[in-house]
Each structure stands twice: as C-alpha cells, then as structure tokens.
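In this text the structure is predicted, and so the values were computed from the model without any measurement.
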Amino acid sequence: MTDATLSPGKAVAAVKRPTGASIGPRWSNALFVAPYMVFYVVLLVYPLFKGIWMSMLESDMFDDTSKFAGLANYYRLFNDKIFIGTVWNTVLFVLMTVPVFVAIGLLLALALNRSDRTSATLRAIFFGTSVLSVTIVTIIWKMMYMPGNGAIASLMRLLGLEPIAFITTASLALPAVAITTIWWIIGLPMMLFLAALQQIPGELYEAAALDNASRWRSFWSITLPSIRRTMLVVVIYEIVAQFQLFGQAQLLTQGGPNNASRPIVLFIYEQGFRSWNLGYAAAASEILFLIMAVAALAQFFASRKRVEE
Amino acid sequence: MQVSSIELDSVSKRFGSVEVISELSLTIHSGEFIAFLGPSGCGKSTLLRMIAGLESVDGGEIRIGGERVDRLPPGARGVAMVFQHYALYPHMTVFDNLAFGLRNIGTAEDEIARRIEEAARILEISHLLKRKPGQLSGGQRQRVAIGRALVKDPKAYLFDEPLSNLDAALRVRTRVELARLHQQTRATTIFVTHDQVEAMTLASRIVVMNARKVEQVGTPMEIYGRPATEFVARFVGSPAMNFLPVQVNDRGGLASAVLGDGSIIDTHVPVAALPGGDLRVGVRAEAIRVRPDGALPGKVEVVERLGDRTHLHIRLMDGSTLVAEDTGISQVQPGDAVRLAVEGATAHLFDAGGLAYHARQ
Amino acid sequence: MQVSSIELDSVSKRFGSVEVISELSLTIHSGEFIAFLGPSGCGKSTLLRMIAGLESVDGGEIRIGGERVDRLPPGARGVAMVFQHYALYPHMTVFDNLAFGLRNIGTAEDEIARRIEEAARILEISHLLKRKPGQLSGGQRQRVAIGRALVKDPKAYLFDEPLSNLDAALRVRTRVELARLHQQTRATTIFVTHDQVEAMTLASRIVVMNARKVEQVGTPMEIYGRPATEFVARFVGSPAMNFLPVQVNDRGGLASAVLGDGSIIDTHVPVAALPGGDLRVGVRAEAIRVRPDGALPGKVEVVERLGDRTHLHIRLMDGSTLVAEDTGISQVQPGDAVRLAVEGATAHLFDAGGLAYHARQ
Amino acid sequence: MAASEHIVGRGIGNKLILFSVILVAIMWMLPIAWTLLLSFKPNSELMISTASAFHPPYTIKNYTDIFQSSGVFRWLWNSAVVSIGVTVGILVLSSLAGYGFARAEFKGRDIIFVLVLLGLAVPEQAVIIARHQMFSDLKMHNTYPAIILPGLSSAFGVFLMTQYFKAIPKDIDEAAMLDNASRFKIFWKVLLPLTIPAQATLGIFSFLGAWNDYLWPLISATKPEMFTITVGMASTQTNFAQSEGLGFLMAQAIFAGLPVFIVYLFFQKYIVRAVAGAAIN
Amino acid sequence: ADKTEISVARFFGACEADYGTVTDVTKANGECGIITALINKFNAESTTTVVKPEIVEWPGYDQLTARIRSGEPPVISVMHEAVISDYSSRGLLEPLDEDFAKAGIDVNDMTDASRQGVTKDGKIYAMPFDTHTWLWHINMNLFKEAGLVDGAGKPILPKSTDELMQQAQQFKDKTGKPYFISTLANETAFYTRTFDTLLYQQNVDFFADPTKVNFSAPEAKNALQLLADIFSKDLTTKNQDYAASVSAFAAGEGGVFICGTWLIDTYDQESKKDGALANGYAVTAFPQLYAGSPRVWADGHSWVLLKQDLSDAQRASAVEFMKFLWDNNYEWARTGHLPVRKSIIESEQFKNLPHRGDIASLAVNGTALPSAVKRQFSIQEIEGEEVGSAMRGDKPVEQALTDAETRINELLANAK
Ligand SMILES: Nc1ncnc2c1ncn2[C@@H]1O[C@H](COP(=O)(O)OP(=O)(O)OP(=O)(O)O)[C@@H](O)[C@H]1O
Ligand SMILES: Nc1ncnc2c1ncn2[C@@H]1O[C@H](COP(=O)(O)OP(=O)(O)OP(=O)(O)O)[C@@H](O)[C@H]1O
Ligand SMILES: [Mg+2]
Ligand SMILES: [Mg+2]
C-alpha cells in the first residue's frame, strides 16, 4: 500500500504539497479491517452457518448424497443417553474445576502478591505448567495415575494404603481429569487475580490497618469487593474454557470408564470421525455453540454492568 | 515567516445533540498572542481543534490568512499545534520528531537539518536531539513539542494548555520562556488555558469563554480591571472578587453603595448607567485593607499568610464573608475584631443579570 | 478529645541500601498544626507513614502522648490518616466508610451513629451518607476522608497531601475549611505537602525537609522572613528569591553588599556574624521596586501581569536576571530600561555553604 | 498483599503464608520430577515396575534415542512453522484491523466491530466439523496453510489490538495529521511502534495457543510428517508405548516440552505482563 | 533409476531407536521390532520400491478417516479385518483379487478365517497379515504354588464355570494373589473379546440379523454374571490398564493373563530371564467353559490399498510390498499371532516355535462377527463399555445388556 491509495487527497489540488489524513469517515479506511474480515468471514462465519446447515442434514462423511432431515438430528440427540451423558459430564467437570480455579487461583494470588524474588519464582512455577501442551500434560499425569506403577499408587502403597484407581473408576475418572486440568492451567486464574489485586490501591489496606481491621477483615471488606469483577471474568472465562474440554479426556481416559468422563467435544469428534455421522456431529456442535453463546452473553452483560457502575 | 490572521465567522459545533460552540465569531490579528480562558468544559479545546482541523465544523467559516480552511485536512491548514501532553512520537528521537512533518511534505534533508538546528538553538535543546522523549524531563519535552511547531514555520501556533502538566516552578519558568519566544517570533498564537495567571501574563488579548460563548475579549488589564460580567470578575483574579449586595445612592452622579450594615462604599460608577433591580458591589481583596479608621467592622476567621501578603477571611456583621488583603508581616490573628477600609475607586457594580458597570475611564 | 504530643527521636529509615530518613528528631506539641514541606522525594510521606505505623522504623523511637509506639501496629497507635487519594472503601457507603474503624474496635452502633452524625454535620456531608464514594465529587470525597478521621477522635491527624488532587479553586476553599476545622478542634495535626502556599497558610509551624533531613523548623513567618538556608529561601516564596553575588563592606556594623556593577544594597545583617568566602545577597521580588531614583539599572525582558501585581523579569547590566514586583497597574513594557530600588532591610546574605545570615530581630 | 508488606506487625503472618505456598509449589513440581526421573530409566526395568525409578541404573539412552529415530524433530519443526505462521498472521491482521476499528472511521464500522466481537463467542469446536469439510473439499489438509489459516480467524487479537489502539492518546495521531502524515503512515510509522507491548502480549498468546492447539491439527494434519508436536506426542502415547517404552516416552515428553518451556523462561516477564494486561481489559 | 515411493500407515508402535537399521528380520522381536525390520528389509532388497512407513496411533481409524476425507490417504494401511467392510462398502478401498493373481499370491493358501476376514461382497479387499485371538497366558510358577499343575507339567484348567470359580479361589488361597490379571481399565477390548468368547462358547448367535444385535438370551446373562462374579470375588486384578496388566503379569502378580496372541513372544523372552516368569510361562487357548463350542473371539490385521489416484507404478509397488509381507508371514507369526497361510501353519518351522502347539486350535476356532455387520469397531466399543460397567458392578447385569442392545441397535440404525 502506498500513501496515495489511503490518503483521500481531497484538498490536494488546493495546496501544492501532499496533505495528510483528515478526520471523519472515509471508505478507504475500511482497507485496514478488510484483510482480517476476509479470514473472519471465510473461516469463522461461513463454517458456522455451514455447520448449522449440516446439522439439519443426514449425511455421512463418505456419502455424497446427504438428505435434508430437518431437526431429526437434534431430536435424536435429545434422546441419546450418551449425548445427554456427555453434557452432564461436561457440566460436572465445569462444576468441579471452576470453583477450584477461583478458590485456589485466588489463594495463590493472595499469597504471592508480593514483590520479592521468592514470590516471583513461585509464580513462575505455578504458571509454568500452563505452557505445556495437553499431550505432554496427559503423559505426565498418566504416569501419576497409572494404577500399578503410577506415582500416586506407589506413594499410597508406601503409606500402607490401598491405591486409588483414579482413571479407571467411573466416579473418579472425571475428578482425575479435573485434577490434571487444574494442575495444568491454574496459572491463568492466578495471574488474572494477581493483576486484579495489584489494581487495588495499597492505601486502602493502609487505611484499613489504621481502622484496626484484621487481615481477615481486610480480605472480606476490601479485597473481595474490589476484585468482584475479576472474579466474574475468571468464572465466566473458565466456564467457557472448561466447557471445551477435549484433549485431557481423550488422552487420559478416552472418555471412559463407561462414558463417565466423555465430554461434549469428544462426542462431537467421535461422531464425526469415528462414526462418520457428520450431520449428527454438527448438531452436537450447535448445542455446544448455544451453551457457549449463553455464557458469552452473560459475560457481555457482566462487563457492561461494570461500565455502568 | 508566514504569519496570518485567523477569522472565525459564526462558527458552531455540536457533539450529538449537545451544542458546545454556538455561532461564535472572533478575529485574531496577525502576530497576536491570544489566550482562550475559561472553566473546564467550556469549549476552549474544541474551538482550538476546529481551527486546527481536528474537529469538523458544523456551521460557519474559519479563515486563516484570508483563505477558507474549514474543509481542509489538518495538514493542509499550515498551523502547528502544541498539545497538552506534548504528543511527541515516543519511539522517534527528538530530531526525528522535529523532522517528521517536514519529511512528510518532502522537504529536502539539508533544509530539514538546517531548520531543526535553528529551532534547537532557540529552544536550547541542541544537546537533546539524539534522545527519545522518554529520556527527557517534562520541561524538555515541552520544548521539543514547541520545537516541532517551530520548524514548520506555521501560519499560526496553537497551544492547548501546554503548561498544565508541568510542576509549579517549571510552569512559571516556561511561561516566561514562552513570552520571550513570542516577543522574538511575533507569530500569531492561540493559547488555551483555564489558568487565569497564565492567560494574564502571556496574552496580548484574552478571550474569556463560558459555556458555549465568549464572555469578553480584551487585554489582560481590561479583563482584570473592567470585567464585562460577573462571571469574568469571579473567574479572573485570586482570591476571587468579593461580592456584596448593596443599595445605591446617587452621590454627585456616581453611585454610592450602602451595605447591609449601613456602611458605605463610594464607587466611581456613573449612576446614570445603572439599571433598576438588585445590585451588588464587587471589590477585589487588595482594595480592602484593615485600618483602625475603617468603615466596615468584621471578625477575622482565617488568616492565610502567603509571605509577601496575607489574606484575611472576615465575617461581616450581617454574616456574609469577604477576603481582605494585608501586608506579609500582618499581625492580625484569627478571632480579632477589625475594621476595614474599602477603596471605592476600583469597585464595580453588577446587576441581577451579572452585567458589570465600571467607573468611567 | 484526646490530643497528644508526638516525639520523634533520631528516627531512621532505609529502603534497601538507600537511607531516606537519617537520625531525624522532632517534637510536635499537643494541638499543633505542623506542615512537612519539601520537594518531591525528600521523605515527607515516609516520615508520616512511620508515625502511622505503615512503614517500619529502622532506628530511633517514636512516642505519641509519651507512649512509645514504633513497634505497635497502625491501629493501636490511635492516630488517623487522610490519604492523598482519600483511600475511601469504594464499595461501602459513606456511612459505612465512617463506621468501619469504629466497628472494628467494637463500638456500640448507637455510639457510632451519634459520632457519624456529629462529624457529618461539621463537614456538611449529612446528605451524602447513603452514597458510595464513586458518586461523590472530589471535594466531597475529601470531606468524607476527613470525616473518617474525625469520628475516631484520634490522638493526632495525619494528612498526606490531601489537597493535591483537587482543582485550584476547590483547593483554596478546602484549605480554608481545614484551617477552620483545626481552629475548632485544636487537634494535633501533621500535614504533608510540597506546596509552600498550603504550608504557609495552614501550619502553625513548618518543618522544611530536603533530602534526608530537616532544613528548618519554624513558624511560617520565620520560614519566609528568616530562612535558615538557601534551600529554604529558594523553596519558599513565589517568585523565588533573587540571588546575586556580592562583596560585603562594613557599614556601621551592618553589611553593605556591593553588586557586580558597583551598586550597593545596605542590608541589616550584622557584619560580625559573616564568614569569609563568597557571599550572595538574597532579596525577594517585593523588596525590589521600580523607581526613577533606583540605584540598580536594568532592562525589562518580560512583564507578567497578575492583576493585583506585576512581576518584571529584568536583566541587569552584568547579564544576571532578577524579578521585581510592581503594582497591578504597572505601565512598564518589555524592553523598557528601568532603575530598581532594593529594600535592604529585608535582604539576607548567604555563604558558600548555603547558610543564611539575617538582620538582627 | 503487596500493600501490607510494610505495615508494622504483619511480618510473621506473611512468612507463614509464604512457607505453606512453598510446600504446595513443591507438590506442584512432583509430577514433572517424576516424569524426569522415569525418563532416565531403561525401558526394560520400567516394564516390570516403576519403583525402580528411585535407584540406579540411570541412562540417557532414552534421550539419545530421540535423536536417532523419532519424528520429534520433524514435529517440532512443524510446530515452529505453524506457530510462527499463526503468530505473524494474527499480528499483521489484528494490528491492521485494530487500528481500523479504533481510529480509521468508515461507515458501518461500529456495526462490523460488534459482529466481530460476537465471533468471540464462537468456540472452535462448534465449527470444526464444517471447517474440516471445507478444507477437505479444497484438498488443503496436510499443508501448513491448512493448519495455520483457521487460527487467523480468531477475533481475540482484533479485540485486544482495538482496545490497545484506543488506549493510545489520540493526540499522537492528531499531531501526525498536523504533520501531514497519511492514514497508513500514521498507522505504520507513528502508532504501530507504540503497540509493541501489545504485539508482544498477543504474539505470546498466539504462539502458545498455536503451539498447544490439539483438536484442529489432530484432524487436519493426519500425515505423520505433517504432525505438530502436540499431535505427534499424542500418537506415541499408545498402550504399546507405555508398556514397552515408558522411559523413552517420558524422555520424549520432556524433550518436546522443553522448547516452549525455554521460551517461557525467556519471556516470562512479558508473558506475565501479557496475562495481567488481558485481565484488565 | 528412481524408485517408486509408497506410504504405508501402520500402528504397532515406534522403535527406530532399536531397530532403525536392522534388516535381518530374524534378529527382531515383538510386533514393533519385526514390522520395522521387515520394512527395512524390503527397502533394502527392492529395486523398484521404497516404502515410507507412517506410524500412527492405535487403532488410528479416526485419523485415517480424516485423512481419507482430506483426499490424501496413505497408499497402504494396516486395518483390522473387522472394519474393512465399513471402508469397502463406501468404495474407499481397492479390490485386490486381480493384483493378487498377477503377483502370485495364492488366495487358496489363506486360512479360512483370514480369507473370510478380507473378503467382502465377494471381493478381496485386503492382504491378511495375521489372525489374533484371545487366550490365556499362564504363570506356571504360581500355578505350581497353587497346586494347579498336573503330572505332565501341564496347567490344570477349568472345564466349567464352577471349576473356574473353584480353581480361582484355590489359587487365591494358596498364593495370596488373584487368579486373573485383566486389562479392565482405560480400554474395552478385554470386556468385548472375553464376553464374545463366552457367548460363542454357548453358541449364542447374537448377530443373527446383521442389522440388529440380540443379547436377550439367558446365556448372555450367564456369561456376564460370570464376569461380574470374578470381579466381585476379587479373583482378578482390578484397575489395571493395558500397560499395567502387561507388566503385572511379567511381575508375577497373578496366575492367568487373559490377553492376545501378540504377547506370546514377549513373555517367552521374559521366561528366559530371571524373574517371576523364569522358566514358568505357558500359553493356552481360551479354555472351554460351556458345553457349546470351543470358538473364540478373533480378528486379524490386514493390509489394504486405499482408493486414490494411483499410478500404475505405485500400484505395482504396493502389491510388491504386500507380496513381500505375504512371503514373510512366518516372521510376523513369531510375534505370537497366528499366520494367515495354511502352508505356514502346517510347516515344521512354525510348529517349532515355542508354545505354538498349544494354540494351533485357534486357527480354526477363531471367530469374527459376520462381515455384514457394519461398524464393528464402534459396536465392540459400546459392548465393551456396557459389559465393563456390569462386570465392575456399576450397573445391574440385565440393565447393561439392554443398554448395550439399544445403543448398538441405535448405532446400526443410523449407520449407512
Ligand atoms: N468528542 C466529544 N464527544 C462528545 N462531547 C465532547 C467531545 N469532546 C468534547 N466534548 C464536550 O464538549 C464540551 C467542551 O469540551 P472541551 O474539551 O472543548 O472543553 P475545554 O474548555 O477544553 O475543557 P478543559 O479545560 O477541561 O480542557 C465539554 O462539555 C465536553 O464534554
Ligand atoms: N517502598 C519503597 N521502596 C523503595 N524506595 C521508596 C519506597 N517508598 C519511598 N521510597 C523512596 O524514598 C524516598 C522518599 O519517598 P517519599 O514518598 O517519602 O517522598 P515524598 O517526600 O513523600 O515525595 P512526594 O512529594 O513525591 O510524595 C524517595 O526517594 C522514594 O523513591
Ligand atoms: Mg481542553
Ligand atoms: Mg509523598
């Protein structure tokens, strides 16, 4: 792009020298957003609508003839115990992880909201795991959970306890995935809370100290109210993120045992690429999208409320 | 040097449904140093930015050097602006900051170097040319910002509160430097400020603005000595002018103001010009002195010692308060009962609408 | 009311390897209004915060009302602090802000209500008690912050630049209110500021600080009229005191200062007290007047009209500049040649180390 | 609490808290320590029991084996290409669009911006089936563009950059306008250099996101030579590998995690700032 | 001249580190080692073809699907016989009858099971590689301790379910260890394969209609109850995943490891070393516990040629490679898998391999699902999940059977 294409040059004739940008709307300004919009429309908007269309087809991955089926896929979904199970699992997983992310994240942030070297190192440790990829994290945790040879089993045996079979007991598989997830990405909520804590003026704590407030009182009366918004952001962000559980479950438990840890996204993946039921998979995707959209909407309203405050 | 006059011809501006400038007309002569003075939000910056081309004009015309400019992009108007926060390009060296505008219009590099050298010499920033803005003190940035305007040899300089970011001491120094600079260049200059001291000390004429309109245009001494309205009288001068409700008697053609407690201030305001209705007398603190033979009794509430002067906050018998001035070595203490002498010659009268009436000149 | 004296006994403080307060001793009497005045970074806030218990003390002792407090947590010291940014609890109502500290020490609710009512009445914030800080203007917040201190009935009030966040007009008003408040309560008060006008107008005594130490402790008039050091002389007063190098002759026991161009200022400083070496005379602007018969010739460079006064920036024959004061209606123009008369009675002499020598009192 | 660090009388409590967090941190590192330990054990011993990890013999054979054989290098290379591609792409597109949405007015801009923001609510999984079909129909799978391009549609970067551009004082643009700079010049010469912190933030997020992306590469990069490290590592995690090559698997995991961990250590300051910045937006 | 390159996708793991340069197949052991060496050998010997191995995750069908859809399938892929029909019915595989005839692969030499396994709709769609079935790996040292070895040194095996429970209890009492080691965690293969075997033994034809499964027979309930009893009476290790159970057996944590043919070689090697299996490893076909038939679950690995735009040279190379594998089928059988060529099964060479005599019957008794049944992998997955939850006591037996039925039938109803 040269300057000439972007500068309107309206008044150029009047003044000999080249003139710069002017205020106000110009069509040429749209050129700045155009490149991104191409990607946005082609790779997000189009597939979104194509997905909605596909969800109303009965189509097989390798069958060129797909026929319109209306809402049949959705009807089938709502009667599919496995799918309902995956929704339930996902919700359970969210319920298991999000409160922990908030509680532990906040606790760590509170403890590490200091400027010394030790705290910096500790922050680095807790955040460091977040940069690992899901495959590596699951390899590491398989080694922790392995029933016979895993670290946890060995440790429990050492303490004379019967090892707990985490990933192989229906009731413990999802918690095991949750623990792995928390270990993996606790750093993010911690950092978000840290950032929020650092926004709280130190003077407030000093005023409270002069007001005879105990540490605990300061926490309830100053810290908590001050980070309300971040709390909300973290909660919603984590809900959205954890609803998209896939890799940990696929690699750690394959959704088992007995579907106990199968999340929605794994269901979508398996319907699509194992059962070749594209329409069905697309319909499940749309349900996921709907849930996410509600969460996003909640976030939008939450953040708007802040502006009004 | 290409100095030009600036004419505003019933210029209007609205933001959404709010009119911030309404049919404002003003002529700024070539070479004048004009200050726009007014409270926050009165539209000073907006007006300046309209002249610069940074806000569109909703009605009226703007002419610079006779040429109509209100449809031209900012760069084409040939004016230079110094922003409140300097708006230096943080990632460019001082030299490049100064050169940017010149390069954009294709000025030859040796000409650029020459102009920058000259400007840097005048502003004493020659040794800073290789630094980046982040490595400069507030005052140095200020000068670079001025330098950026200077090298362009503009038709007019526009300053938007250029001193408000400096600390008190530096502000005073820079004020003096700006005055000196204008004496050297004699360039048309508009200076926006809400600080009356700045306006008074710098400008050859002051435009006092309030809400969407101009309250008064005049030299500093006219503004201070003969404020056109109560708004101007209150806004200019520190401490603010004292206002007291009065009854007026005719005393040889001049108004004699009778205060609530019966004491009298003999003003020099011609009684003929006065309207009916409620009137107030306006007197500045320096015209009210503590004197054993003063006519006005009162009780000192607060004593503010400024070193060279002392301000006394005094409650009168009728409960109203006013501020009087005393010398730096004043012996008055809070709680003292004092008598005040008011110098009637510099007193003004204001009618219910806030319009001022002055002594004949 | 439980007002107490505050004693600092060779108190020291270091941040890492940097000593910011070094062996500082100071006694503040019960009921005094003390200002800590000094340039930014000189350690004023640190000292105040050490008294409050917000910074630990590295050496020395602090006593409040005779009791040693420097190991006590802030709440146990019985002092109240008003912070620069108010530090109101943003999510509590004004009432709860005021009540917080009282509740924390288990004060009965009806007693709390009573005290808050009383404080709100004094500060005229009764109608704001249900609002949250976000819904208040700057000045209102300021008052709530003061109210929060007031309800605690503390042994001493500590203010850390409480006015610096207010706009100019409000600052002046609040200053007067603070003065009035202190006159009512007569509470021991420490007030940190870097604005000399605030310090001068409010404090009964001023502690002028520079770097890690106290330069001078004295009443405002002592600080202004008899600055102990060049630092104090330069820092206090606006415009800053004029300094000119001089030779000193003995004239009947008093020093007669000879300027570079030979003109003479007859000071009242006893010559006997003066050391050898280079000396400078220090004269405030108001002691330098334009007079046809003045001894000192110079050329006016800048004229600053403040309305009630005019400051003239004048270049002397030897190239040095000084500021003189003229009346508000001064007719002097830039470029005029003038003659200046210097009032020797208020002139000071300063030695090479910056120590001041004054006229005998 | 940073603010109360100095307050008199709070020292002991602070130390206690720190001490307990140090304990937790040690627990936090256990899994990695365990993995590290296993990676230095011969596979045959581990096949019988992992308890042998606590005593010698130790070996670095598992690591040297990586150099001899596995696809890890190719996968790391692929991941690098993909992550850099995504990062550069996102930076370019988001900067341009962010400037556009923040500063360059045109008709309909605000509506378009809202539409883009709505895109933040679309999870990748919701479009993954359709996207896979699209790329299949275009016969683009198993190419770098196929792995890279979908990442460029994320609205997050645009949102972030728009916010950032909006936060830059407008008077800088205005000064440049008065200096006769064109729109593109203002963007390129004046504002873009000021967004470097945001570029770093976004770059780090994009890079880590792309490096660790799993689902899309899993279905798009299906040829082993096109695997990213994430997918490649997943392909080695089979039962067979665990029973017969546990130590090797652990060594691979450590080795594959190393590059981005080193990147993390290098850029830790910026990453922390990036996350913190994101929190404030 | 340039050789033609063909890609061959396979699982069986990666072991280039140990076998990357080995071309002497006889020096290789285990599935991974042997297949790696085989390909090395082929590449070293062939003058026309280079095979580029692409190692994928087991079983890898998700990615294979994605890869076929992307239009770039590998030229050859390993495939379970159970899933061939899913691909062949959609025209994703090339029929190979003519190629085999040309190349001299004698289809009549294929065992019946393997030939059936690769023949769909009358055409041959794959080159069979092995038949693998379900069998019992036995720790003779522990059996001896438990008094379950007869005079001939052979293990005493149950002939009925009652005997099974009794012997297992005896084993447990004597050794303090569970009778069985089973892979109950993280995968469903054990459940399906064992359950299917128990059904076959009772002659239950649960896929009489290939579009509908039927688990309502009382025999099905019996079989499942048996598994549940074994679990509830602690006669098996629990919670072990594949890797854990494999090593548990090697470490002597139980008497019988119910698993597949492919571990025979591995454990045979183990029995030659010091350790729990030292000189005490035996393998046997799945004992017949019901008075029905000795049939047992079986599947086979095979090699398919994926439909795509292949040049003649590529196709020729692909067939050349298949022929090579066919010729070297014996080497593969060393893993423990059963060969797919009658001639090899009958050969002395094969019979002389350790333990092969004990399992020869499997070549006949191995049974797969009818090839008309679609989606066999998915079916096995569902079946395994349900059987598993019943065995572990998470669900009542009958409930699990009906759930399995409904889920499988629902799957089949929607399968094309
Ligand atoms: N972009 C805008 N959109 C809407 N309203 C605006 C905008 N810019 C300014 N205003 C409003 O116009 C009025 C005048 O603003 P302006 O900035 O000119 O005031 P000012 O006199 O410069 O004040 P200050 O001394 O605070 O700078 C104010 O009420 C302001 O809120
Ligand atoms: N927590 C701290 N850590 C390190 N140095 C500090 C800390 N707090 C203050 N200082 C340093 O101590 C010195 C005194 O700071 P202090 O805040 O007391 O200054 P001040 O006089 O209040 O200045 P100001 O007028 O700017 O508020 C400064 O140099 C400052 O940089
Ligand atoms: Mg403004
Ligand atoms: Mg301070």
Tell me, side chain or backbone of A:Leu132 under 4.5 Å from chain D's heavy atoms, or both, or neither? both
Can you say whether A:Ile186 sits under 4.5 Å from chain D via the side chain, the backbone, both, or neither, judging by heavy atoms? side chain
Point-to-point distance, once rounded to the nearest 0.5 Å, from CG of A:Leu44 to CD of D:Glu124: 9.5 Å
Where on A:Ala284 is there a heavy atom nearer than 4.5 Å to chain D: the side chain, the backbone, both, or neither? neither
Proximity breakdown for A:Phe243 and chain D, heavy-atom pairs closer than 4.5 Å: neither
Got a second to check how far A:Tyr36's OH is from D:Leu96's CG, nearest 0.5 Å? 13.0 Å
Does any heavy atom of chain D fall under 4.5 Å from the side chain of A:Ser59, the backbone, both, or neither of them? neither
Can you tell which part of A:Ile264 gets under 4.5 Å to a heavy atom of chain D, answering side chain, backbone, both or neither? neither
Examine whether an atom of A:Gln250 lies under 4.5 Å from a heavy atom of chain D, and if so say whether it belongs to the side chain, the backbone or both; otherwise answer neither. side chain
What part of A:Ser55 gets closer than 4.5 Å to chain D, counting heavy atoms only: side chain, backbone, both or neither? neither
Output for pair (D:Gln125 CD, A:Leu245 CG), nearest 0.5 Å, gives 9.5 Å
Spacing of A:Gln244 atom CD and D:Leu215 atom CG [to the nearest 0.5 Å]: 10.0 Å
First locate atom OG1 of A:Thr129, then atom CZ of D:Phe261, and finally report the distance between them rounded to the nearest 0.5 Å. 8.0 Å
In terms of relative ring orientation, are A:Phe273 and D:His132 parallel, tilted or perpendicular, with 30° and 60° separating the classes? perpendicular
Rounded distance [0.5 Å steps], CD1 in A:Ile139 versus CG in D:Leu249: 4.5 Å
On a heavy-atom basis, the closest approach of A:Met37 and D:Phe101 is SD-CZ, 4.4 Å
Proximity breakdown for A:Val265 and chain D, heavy-atom pairs closer than 4.5 Å: side chain
Shortest non-hydrogen contact between A:Val33 and D:Ala97, atoms and distance: CG1-O, 3.7 Å
Would you mind checking which part of A:Val45 comes under 4.5 Å of any heavy atom in chain D, side chain (CB onward), backbone (N, CA, C, O), both or neither? neither
